[in-house]
2 protein chains.
Amino acid sequence: MVNKIKDTTTEEKILEAARKVFIERGLDGARMQEIADKAGINKALLHYYFRSKDKLFEVIFKETAGNLFPKFEMILNSDKPLFDKIDEIVSNYIDLIIKNPYLPLFVLSEMNKSRNLQLANFFEMQRNKFVEKFVQNIEKEIKKGVIKKISPAHLIINIFSLCAFPFIAKPVIGILLEIDDLQFKYMMEQRKKIVTDFIIASIKK
Amino acid sequence: MVNKIKDTTTEEKILEAARKVFIERGLDGARMQEIADKAGINKALLHYYFRSKDKLFEVIFKETAGNLFPKFEMILNSDKPLFDKIDEIVSNYIDLIIKNPYLPLFVLSEMNKSRNLQLANFFEMQRNKFVEKFVQNIEKEIKKGVIKKISPAHLIINIFSLCAFPFIAKPVIGILLEIDDLQFKYMMEQRKKIVTDFIIASIKK
DNA sequence: GTCTATATTCAGATAGAC
DNA sequence: GTCTATCTGAATATAGAC
């Protein structure tokens with residue numbers, strides 16, 4: 001590798017720090033000072049690299065928002081049975097969120113603050129075609145009589161609700177179910193199978 | 001009524017304004033100035049009544065958080081079949097959120113900011129016994145053989161995920177499904193039946 | 001590119017008149 | 001109780017030396 005030991009340039013250190021701070025605290029709650037501290041530099045340098053807090057945030061949001069709905073086209077394009085595809089999507093998605101537990105709340109929170117119309121626009125552009133593909137898959141299986149008649153849109157919403165919501169509600173779930181972080185993580189691992197089964201049981205004829 | 005025309009005291013006007021602003025923008029994003037403007041008074045008066053932004057927020061959060069998981073004991077205590085109870089809970093809950101679409105995101109966002117341990121404590125105290133009751137209901141039906149063997153905790157999580165998540169994800173759903181606010185609202189009305197059916201189909205033997 | 005020091009802006013909070 | 005005016009502190013942003 002020519003591009004050597006210094007795989008952490010200052011810019012990358014800033015981005016890494018900003019990612020953590022913004023995702024944990026949101027745009028409003030984040031402090032440039034904390035980002036600077038985490039990156040091991042000073043505030044002035046942040047502005048040297050990214051000009052303003054908003055600009056820096058934009059970079060982080062754009063790179064992050066794209067991950068919220070990953071490109072499942074590959075899975076959907078295969079000729080496996082629909083149930084296998086759902087299994088794969090659910091498992092992959094829950095795994096993704098286990099690795100980035102703050103991801104859904106971060107993106108959805110910021111999307112809900114309607115100022116920054118830019119963000120919505122960006123999301124629109126990013127819209128990959130997986131929903132379309134998913135709808136086609138579902139409609140085909142309904143026609144074939146493999147699954148019940150169900151609105152594809154609602155089914156897709158159901159799938160992602162079941163995967164993502166528990167992580168958003170984690171603190172509340174912890175209290176209501178009286179479980180600690182470790183038990184929570186264990187439950188989320190379980191959910192890969194439980195959610196898949198739940199969905200399939202519901203739609204299979 | 002003795003307690004007359006003036007059912008909007010200054011304090012109530014402040015609370016109403018604060019509710020709107022905090023719920024829409026969160027603690028960090030809210031501005032005392034905006035609350036004062038909405039209440040038709042000035043900032044000084046806010047402090048006269050509530051001393052600080054944090055104190056005012058606490059009042060709003062506490063009154064709001066109690067609504068996130070309503071007291072479904074009455075429903076659960078009846079002797080109707082479990083499926084009817086689920087139907088009622090789902091319908092009531094979705095209706096509740098339709099009326100307060102920002103409620104879930106507001107409460108869950110603030111709960112996720114771990115500073116303000118007080119909030120978590122409060123939630124703990126508020127914990128009504130509906131989860132316990134719900135678990136008992138489910139376990140009984142499993143024993144009776146009415147529904148499949150399923151983890152009650154996961155089932156409860158599933159139910160609330162399916163109800164609440166779509167509202168949190170509304171902006172994203174709007175973009176991905178290319179629907180406007182009216183269509184969204186219509187979908188959410190539909191969901192009362194769709195979610196109930198989805199759940200029951202999944203657990204019935 | 002990176003730092004220290006400083007400017008600027010903004011928002012929460014208080015003082016004091018009425 | 002309610003207001004205007006002001007203070008204070010915090011956070012973003014910039015100037016300028018190295």
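What you see is a predicted model, and the numbers here were worked out from it, not measured in a lab. Lettering follows sequence order; numbering is per chain, from 1.
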Can you tell me the distance, in whole Å, between the CG atom of B:Leu27 and the C1' atom of C:dG12? 12 Å
Heavy atoms of other groups near A:Lys20 NZ, more than 12 under 6.0 Å: no
Using the benzene-type ring in the case of Trp, are the ring centres of A:Phe160 and A:Tyr93 under 6.0 Å apart? yes
If only side-chain N and O atoms of A:Thr10 are considered, is one of them under 4.0 Å from the OP1 or OP2 phosphate oxygen of C:dT2? yes
Compare side-chain N and O positions of A:Asn42 against OP1 and OP2 of C:dC3 and report whether any pair is under 4.0 Å apart. yes
Residue B:Lys53, side-chain atoms from C-beta onward, closest of C:dT2, D:dT2, C:dA13: C:dA13
A:Ala44 side chain: which of D:dT12, D:dA15, D:dC3 is closest? D:dA15
Pick base, sugar-phosphate or nothing for A:Leu46, based on heavy-atom distances below 4.0 Å to the nucleic acid. nothing
In whole angstrom, give the distance that lies between atom CG of B:Leu45 and atom P of D:dC3. 6 Å
List the steps, then state whether side-chain hydrogen bond (donor to acceptor under 3.5 Å, both in side chains) holds for A:Asn112 with B:Lys170. CA-CA 8 Å; A:Asn112 268 282; B:Lys170 178 184 167 189; over 6 Å; no
Flag the pair A:Lys62 and A:Glu58 as a salt bridge only when some basic side-chain nitrogen lies within less than 4.0 angstrom of an acidic carboxylate oxygen. yes
Using whole Å, report how far OH of A:Tyr49 lies from C1' of C:dC3. 13 Å
To the nearest angstrom, how far is B:Lys13 atom NZ from D:dT2 atom P? 8 Å
Rounded to whole Å, how long is the line connecting atom NZ of A:Lys43 with atom P of C:dC3? 13 Å
Classify B:Ala30 by what it touches in the nucleic acid, base, sugar-phosphate, or nothing, heavy-atom distance under 4.0 Å. sugar-phosphate
Which whole-number value in Å describes the distance from B:Met32 CE to C:dT14 C1'? 13 Å
Is the A:Phe69 ring parallel, tilted or perpendicular to the A:Phe130 ring (thresholds 30°, 60°)? parallel
Please state whether the phosphate of D:dA13, meaning OP1 or OP2, lies under 4.0 angstrom from any side-chain nitrogen or oxygen of A:His47. yes
In this structure, how many angstroms lie between the C1' atom of C:dG16 and the OH atom of B:Tyr48, rounded? 14 Å
Provide, to the nearest angstrom, the distance between the CZ atom belonging to B:Arg25 and the C1' atom belonging to C:dA11. 15 Å
